[in-house]
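Sequence lines set the chain letters: A, B, ... in the order given, protein chains first and strands last, and positions in each chain run from 1.
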Number of protein chains: 2
Amino acid sequence: MEEQLSERSKRILEAVIEDYIATAEPVGSRTITRSHALALSPATVRNVMSDLEEMGLLTSPHTSAGRIPTDKAYRLYVNSILEVKNLARDNREEIRRRCRMAGKDLAEVLKETSRLLSSTSSYMGVVMAPHLGANVFHQMEFVKLSSRRVLAILVSQNGTVQNRLLETGEEIAQEDLVRMANYLNGMLQGLTIAQVRERLLSEMQSEKVRYDTMMARALTLSQQTIQADGAEIFLEGQANILEQPEFADTAKMREIFRTFEKKSMLLDLLDRSLSAGGVQIFIGSESNLLKMEGMSLVTSTYMTGKDTVGVLGVIGPTRMGYGRVIPIVDYTAKLISRLLEVE
Amino acid sequence: MEEQLSERSKRILEAVIEDYIATAEPVGSRTITRSHALALSPATVRNVMSDLEEMGLLTSPHTSAGRIPTDKAYRLYVNSILEVKNLARDNREEIRRRCRMAGKDLAEVLKETSRLLSSTSSYMGVVMAPHLGANVFHQMEFVKLSSRRVLAILVSQNGTVQNRLLETGEEIAQEDLVRMANYLNGMLQGLTIAQVRERLLSEMQSEKVRYDTMMARALTLSQQTIQADGAEIFLEGQANILEQPEFADTAKMREIFRTFEKKSMLLDLLDRSLSAGGVQIFIGSESNLLKMEGMSLVTSTYMTGKDTVGVLGVIGPTRMGYGRVIPIVDYTAKLISRLLEVE
DNA sequence: GTTAGCACTCGAACTTTTTGAGTGCTAATC
DNA sequence: GATTAGCACTCAAAAAGTTCGAGTGCTAAC
């Protein structure tokens, strides 16, 4: 596995990859000698390319075409050839400008961020909201809407609001609702949502509650409120990937769109980068999600509070401008973390 | 304009349209005589089709191809030929089953509805949330998150929740926030959001407020909360229209996706059907939104309360199964209205 | 080790041919 | 007079055939 690549081979591989990224066409030996100032003849390059093919870094779609980098080549490129530049001032400016999103609630900010990622990268932007579970409970509220409908509102310390319409079996007076909320707010102060969930369950078992209908009711209501935790995903800029020549084929397109419509697969992938932190790169087939064939994902984590971590990133074709995308993702993640910092 | 169409011509036009809807191919005289049991020879049908072409109801893409219905023909078809069947029991069942969305908040319900429309029609589903302005104010709440960040929550009678993070210039004590909320809740009881907006403005002018900093602050905060009114649109099932052969061309696809990414154009169109009520049909070019070329929109209105009206519908190619889609839209709208009824 | 030279390959692009669904018109038929 | 059979004509799409050129691998010379 430990391929010893000479400096020259690396330069040539780099050239192939960069040409391919730019043109999406198989690249041949002549093209390289012309565009990249290597003092080598096409024939020599050909020999080297032949070696690279042997190593599984290049393939040719057919005998008389140029060569295409494999996923393995991209990996190598990303890990040890690519030098990540700093973000151009223009880009930095633009990102920063568009990050002024005062007054919007978290969901809106994240959606806007996803859009931002998509438009600056010109691929798809994706942002996963932090798992609710890590949020810190702040307050709970019950609002009576009509005789048997109650709106429950759950506020976390980082400003996330979760609300849920509940049908109560029988009418509950507004004063009782307030009392319930107070009771719960006292009990749950400072816990994370995950802890809240446990606490509510254990509380419901306890003796003293069993004989106090109001408390029982309060617990039931709050339990219902807190149930759902489908981490939200904001995926924007799908139209961008229609632009990519490798997806010109309608059937492939459809496949991709269908895949992203059910967001579960994406969730898996994003969850995985959650634990690692920092910028991460998933290249095509590596993420044994066959569906991702031909696509790569560049992610970074961001924070909305001390312990609440989300993931954002860019999805594009494997043949993606990594050198450009990586700093975009990185910078955006940092900026958003700062923006959402709990002061 | 008042074309007098013989019964026979109508039958033939109907046949052309239905064949075209089924196959997306230009239909010729022979095809019709074969599939639709008209006791006529191809030659006769040809003559009639020629007349229909004269009237601007059919066109042929080129001399030696069959004919295609024009938008005008679709209009005629929808208005006076098509008989809208009742929804098949299966479909009704499915829609009803998927409408069990207890406990979800309004946004989720509407999104799910959009998805439902898309999957039962196999085109795109679209749901526009009612304009906030028509909602009836129910309650407002300020939650202090940190020293200078306040979360404002606005609850409407129909269960819509609007929330907004506000940065306050200086720290405000939680008790003051509660007092402010109480004051506002008293003042704004029973008004619609639109009225609330006016009221707040006029109140801010008034003498007595000018000297009461706390009231002034309360008004400012609530004003900020209520600002945004970008009617939300839920558009689902884009992948479905990739299936339609008329959009196989990538360039066209991209155009469409871009159009729907900015939702403003759609908003216009939906707003228009808002006032009319009942099932409405927009056919391609009629809605002088050039972008809609080749697409039709079937809408109906639904209600989330006495006065809050939203629009939902299906977007598909002009060549859409109107007979199937219309009852789907109609039935779904009714069901959702019932579901969201304020008891 | 590098390079020039050359025969060979094979998809893409362009032409040409074939095919067949469809038309419009005219004259015969009901 | 409306309907239909017959026939010449049209034209896009599919199939078959050409040409072109970028690219390769190999060998022999530098």
Whole Å only: how far is the [atom1] atom of [X] from the [atom2] atom of [N]?
X	N	atom1	atom2	result
B/Ile68	C/dG22	CD1	P	12 Å
A/Leu58	D/dG25	CG	C1'	16 Å
A/Glu54	D/dT24	CD	P	15 Å

Show me the side-chain donor-acceptor pairs of residues 76-87 of chain A shorter than 3.5 Å, one per line, residues at least two apart or across chains.
from: A/Tyr77; atom 1: OH; to: A/Glu18; atom 2: OE2; distance (Å): 3.0
from: A/Ser80; atom 1: OG; to: A/Leu76; atom 2: O; distance (Å): 3.1

Original post:
Side-chain N or O of B/Arg67 less than 4.0 angstrom from OP1 or OP2 on C/dG24?
Top reply: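 Checking B/Arg67 against C/dG24: at least one side-chain N or O falls below 4.0 Å of OP1 or OP2.
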Original post:
Got a sec, which residues hit ring pair (Phe, Tyr, Trp, His ring centres under 6.0 Å) with B/Phe257, two or more places apart in sequence or on another chain?
Top reply: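 So B/Phe257 forms a ring pair (Phe, Tyr, Trp, His ring centres under 6.0 Å) with A/Phe257.
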Subject >> Least distance between heavy atoms, B/Arg254 atom then A/Ala239 atom >> reply: CG-O, 4.3 Å
Original post:
What parts of residues 19-32 of chain B reach DNA chain C, counting only heavy atoms under 4.0 Å away?
Top reply: B/Gly28, B/Ser29, B/Thr31
Subject >> Set of residues satisfying side-chain contact (heavy atoms from CB on, under 4.5 Å) with respect to A/Thr120, sequence neighbours excluded >> reply: A/Glu94, A/Ile95, A/Leu116, A/Ile328
Subject >> Pairs where residues 38-60 of chain B contributes a residue and the test salt bridge (Lys or Arg N to Asp or Glu O under 4.0 Å) is met, not counting sequence neighbours >> reply: B/Glu53-B/Arg67
Original post:
Do we see a donor-acceptor contact under 3.5 Å between the side chains of A/Arg11 and A/Ser6?
Top reply: no
Subject >> Salt bridge present between B/Arg98 and B/Glu93 (N-O < 4.0 angstrom) >> reply: no
**OP:** Identify which one of B/Val329, B/Val325, B/Ile326 satisfies the side-chain contact (heavy atoms from CB on, under 4.5 Å) criterion when paired with B/Ile281.
**Re:**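 The option that passes is B/Ile326.
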**OP:** Quick one, give me the B/S/- string for nucleotides 4-11 of chain D, reading 5' to 3', where B means a protein heavy atom under 4.0 Å from the base and S means that only happens at the primed atoms, P, OP1 or OP2.
**Re:** BSB---BB
